[in-house]
Q: 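Can you read through this structure? Questions will come right after.
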Amino acid sequence: MPDLPDIPLPAGIRSRHVDGINGLRMHVLEAGFETKGRPCILLLHGFPELAFSWRKVMPALAEAGYHVIAPDQRGYGRTTGWAADYDGDLAPFSLLNLVRDALALVSAFGYRQADLVGHDFGSPVAAWCALIRPDVFRSVTLMSAPFGGAPPLPFNTVDSPAKPAIEDPVHRELAVLPRPRKHYQWYYSTREANADMQHAPQGVHDFLRAYYHHKSADWTANKPYPLKSWSADELAKLPTYYVMDAGETMAETVAKEMPSPAAIAANQWLPDSDLAYYSAEYGRTGFQGGLQWYRYGTSGMLNSEMQLFAGRSIDVPSCFISGKQDWGTYQRPGIFEAMQERGCTRMLGCHLVDGAGHWVQQEQPGEVSRLLLDFLARSGTA
């Protein structure tokens, strides 16, 4: 990898690479590394983010006594050893392999146990880590993406006629609404999605500015509430960054919500100097590495693979943190409730932070740090 520019990190956070992590040379940010023997906390980012997304909470966790490790996950940033080939094998981006990445990283640092936090698509990775290896991941905090539990297997069906697999009709129904729509995860699974964003007409920097703005509390129309069902009429109530207009790209979708120059200049949680790091990284790598995660998820492989754990729940202490203005909490109808009822059996807190949209640990880092440390103290792992 050629020499890359320095990362605009707060004091006390360092950047390094770790070799031999499940076939990867993994780029990680670290805080609290100065003294040995600290408990480990692993932070897993989502899309389109990086380890850098945790820069605002890492110092507080380190000050509280933790060794804080935040990787650029497989497919992202300065981590190498993955291939973003649309026609290539998706198996390296399976959730089981992403769990293996996290497990290998903790093991490489010499920890037999760790606390775990995951945001956005990092949340299901964290959830499955805690469900599959509770002996290693002794607590888990999920952010912005609830976990409803393992997918079930058909039960008590031996005397019933076999039911053929039925394709989810919601996508056809979305396409024939009076205002035709499409679900962003299925758009992200198309061949065109990466180029649409990496070569956005407005440029990567302005694309990301509009994308982050549209999903944040700064976009005043983000006033989420529970949806009644996974149906076209209900899903169409979601903002267009989740259920897009059928004929538009994501770059076109968010361009309509580009904040004004004055709003950008006033932005405290994501100043242009920080956004410039994201835009430089995604301009260099493209988005396909992260989009492979969505392709795996929409292919049907995820559901069938994770039926291996049917009936299992997360039984270590757990916590959920999301922005009060984050539609991510409700984008899968019923999952937020299922998480609290059966997905997590030792949930010690479920928090919707006011003044934060989807990027909760960046928009409200002080409150997120406080909630994390309170949870870790209550969970008995601190």
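What you see is a predicted model, and the numbers here were worked out from it, not measured in a lab.
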Q: Less than 4.5 Å apart, any side-chain heavy atom of W293 and any of L95?
A: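 Sidechains of L95 and W293: no contact.
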Q: Between CH2 of W359 and CD of Q364, what distance do you get to the nearest 0.5 Å?
A: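 Those atoms lie 15.5 Å apart.
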Q: Can you confirm whether the side chains of D120 and H45 place a donor and an acceptor under 3.5 Å from each other?
A: no
Q: Has S322 got a side-chain atom pairing as donor or acceptor with L352's backbone, closer than 3.5 angstrom?
A: no
Q: How about E34: does its CD atom have over 12 heavy atoms from other parts shown lying under 6.0 Å from it?
A: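 Counting other residues, nucleotides and ligands, CD of E34 exceeds 12 neighbours.
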Q: Is it the case that the side chain of N194 and the backbone of Q288 share a donor-acceptor pair, with hydrogens and angles ignored and the cut-off at 3.5 Å?
A: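 The answer is yes, because a donor-acceptor pair under 3.5 Å joins these two groups.
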Q: Within the supplied structure, the quantity of interest is the number of heavy atoms (other residues, nucleotides, ligands) at a distance under 6.0 Å from D87 CG; does it exceed 12?
A: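 Enclosed: over 12 neighbouring heavy atoms sit under 6.0 Å from CG of D87.
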Q: Considering only NZ, NE, NH1 and NH2 on the basic side and carboxylate oxygens on the acidic side, decide whether K256 and E248 come within less than 4.0 Å.
A: yes
Q: Between E234 (side chain only) and K228 (backbone N and O only), is there a donor and an acceptor less than 3.5 Å apart?
A: yes
Q: Under a 3.5 Å cutoff, is there a donor and acceptor pairing between the side chains of R295 and T298?
A: no
Q: Is it the case that the side chains of S139 and D115 hold a donor-acceptor pair, with the cut-off being a distance below 3.5 Å and no angle test?
A: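 S139 and D115 do have a side-chain donor-acceptor pair below 3.5 Å.
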Q: Check the angle between the aromatic planes of Y76 and F47 and answer parallel, tilted or perpendicular using the 30° and 60° thresholds.
A: perpendicular
Q: Taking the six-membered ring where the residue is Trp, are the ring centres of Y184 and Y242 under 6.0 Å apart?
A: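 That pair passes the under 6.0 Å test.
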Q: Counting only heavy atoms from other residues, nucleotides and ligands, does the tally under 6.0 Å from NZ of K182 exceed 12?
A: yes
Q: Indicate whether any N or O donor in one side chain lies under 3.5 Å from an N or O acceptor in the other, for D196 and Y187.
A: yes
Q: May I ask you to decide if D135's main-chain N or O and Q113's side chain share a donor-acceptor pair within less than 3.5 Å?
A: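 Checked: pair present.
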Q: Are a donor atom and an acceptor atom from the side chains of D315 and S313 found within less than 3.5 Å of each other?
A: yes
Q: List for me each residue that meets side-chain hydrogen bond (donor to acceptor under 3.5 Å, both in side chains) alongside W269, sequence neighbours excluded, and say none if there are none.
A: D218
Q: Mind checking whether H67 and F109 have parallel, tilted or perpendicular rings, split at 30° and 60°?
A: perpendicular
Q: Are D272 and R209 within salt-bridge range, i.e. N to O under 4.0 Å?
A: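 Yes, D272 and R209 are salt-bridged.
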Q: Within this structure, what is the CE-OG1 distance for the pair M143 and T329, rounded to the nearest 0.5 Å?
A: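 One finds 12.0 Å between CE of M143 and OG1 of T329.
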Q: First locate atom CZ of R378, then atom SG of C319, and finally report the distance between them rounded to the nearest 0.5 Å.
A: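 Spacing of CZ (R378) from SG (C319) equals 8.0 Å.
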Q: Kindly determine whether R25 and D19 satisfy salt bridge (charged side-chain N to carboxylate O under 4.0 Å, His left out), including the steps that lead there.
A: CA-CA 4 Å; R25 183 172 192 252; D19 291 313; 3.0 Å; yes
Q: In terms of side-chain heavy atoms, does T79 have a donor or acceptor partner in H27 at a distance below 3.5 Å?
A: no
Q: Please determine whether the number of non-hydrogen atoms from other residues, nucleotides or ligands lying under 6.0 Å from atom CZ of R16 exceeds 12.
A: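 More than 12 within 6.0 Å, yes.
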Q: Is it true that a side-chain atom of Y86 and a backbone atom of R191 form a donor plus acceptor pair closer than 3.5 Å?
A: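 Here the side-chain-to-backbone pair exists.
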Q: Could E30 and R14 be called an ion pair, given the rule that one side-chain N must be under 4.0 Å from one carboxylate O?
A: yes
Q: Tell me if the aromatic rings of F287 and Y282 count as close, with their centers under 6.0 Å from one another.
A: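 Yes, they do, as the ring centres are separated by less than 6.0 Å.
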Q: Taking the inter-plane angle between the rings of Y294 and F121 on a 0 to 90° scale, is it parallel (under 30°), tilted (30 to 60°) or perpendicular (over 60°)?
A: perpendicular
Q: May I ask you to check whether N222 and D326 show a side-chain donor-acceptor distance below 3.5 Å?
A: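 Note: N222 and D326 side chains miss the donor-acceptor criterion.
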Q: Between CZ of F336 and CD of Q331, what distance do you get to the nearest 0.5 Å?
A: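 Interatomic distance, F336 CZ to Q331 CD, rounded to 0.5 Å: 13.5 Å.
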Q: Is R133 reaching over with its side chain to a backbone N or O of V99, donor-acceptor style, under 3.5 angstrom?
A: no
Q: Does the T240 side chain pair with the main chain of V243, one donor and one acceptor, at a distance under 3.5 Å?
A: no
Q: Strictly by modelled atom types, are Q361 and W54 linked by a side-chain donor-acceptor pair under 3.5 Å?
A: no
Q: Does the side chain of E49 pick up a donor-acceptor pair with the side chain of Q362 at under 3.5 Å?
A: yes
Q: Any chain of hydrophobic side-chain contacts (each under 4.5 Å) joining M244 to L177?
A: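 The answer is yes; both residues are in one hydrophobic cluster.
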Q: What's the spacing between T345 OG1 and I314 CD1 if we round to 0.5 Å?
A: 9.0 Å
Q: Is the side chain of T285 donor-acceptor paired with the backbone N or O of E281 at a distance under 3.5 Å, no angle test?
A: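 It does hold such a pair.
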Q: Angle between ring planes, W327 versus Y330, binned at 30° and 60°: parallel, tilted or perpendicular?
A: perpendicular
Q: Would you call the rings of W230 and H171 parallel, tilted or perpendicular, taking 30° and 60° as the class edges?
A: perpendicular
Q: Sub-3.5 Å donor-acceptor pair from the side chain of Q292 to the main-chain atoms of D85, do we have one?
A: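 A pair under 3.5 Å: yes.
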Q: If a pair satisfies salt bridge (Lys or Arg N to Asp or Glu O under 4.0 Å) and one of its residues is in residues 344-355, list it, with sequence neighbours excluded.
A: none
Q: Quick one: do the S53 and Y278 side chains pair a donor with an acceptor below 3.5 Å?
A: yes
Q: Between L116 and L44, is there a side-chain heavy-atom distance shorter than 4.5 Å?
A: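 The answer is yes, as the side chains (C-beta and beyond) meet within the 4.5 Å cut-off.
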Q: Within the distance-only criterion (no hydrogens, no angle test), does the side chain of K215 pair as donor or acceptor with the backbone N or O of G328 below 3.5 angstrom?
A: no
Q: Taking only residues two or more places apart in sequence, or in another chain, which ones meet W128 in a ring-ring contact (aromatic ring centres under 6.0 Å, His included)?
A: F147, F309
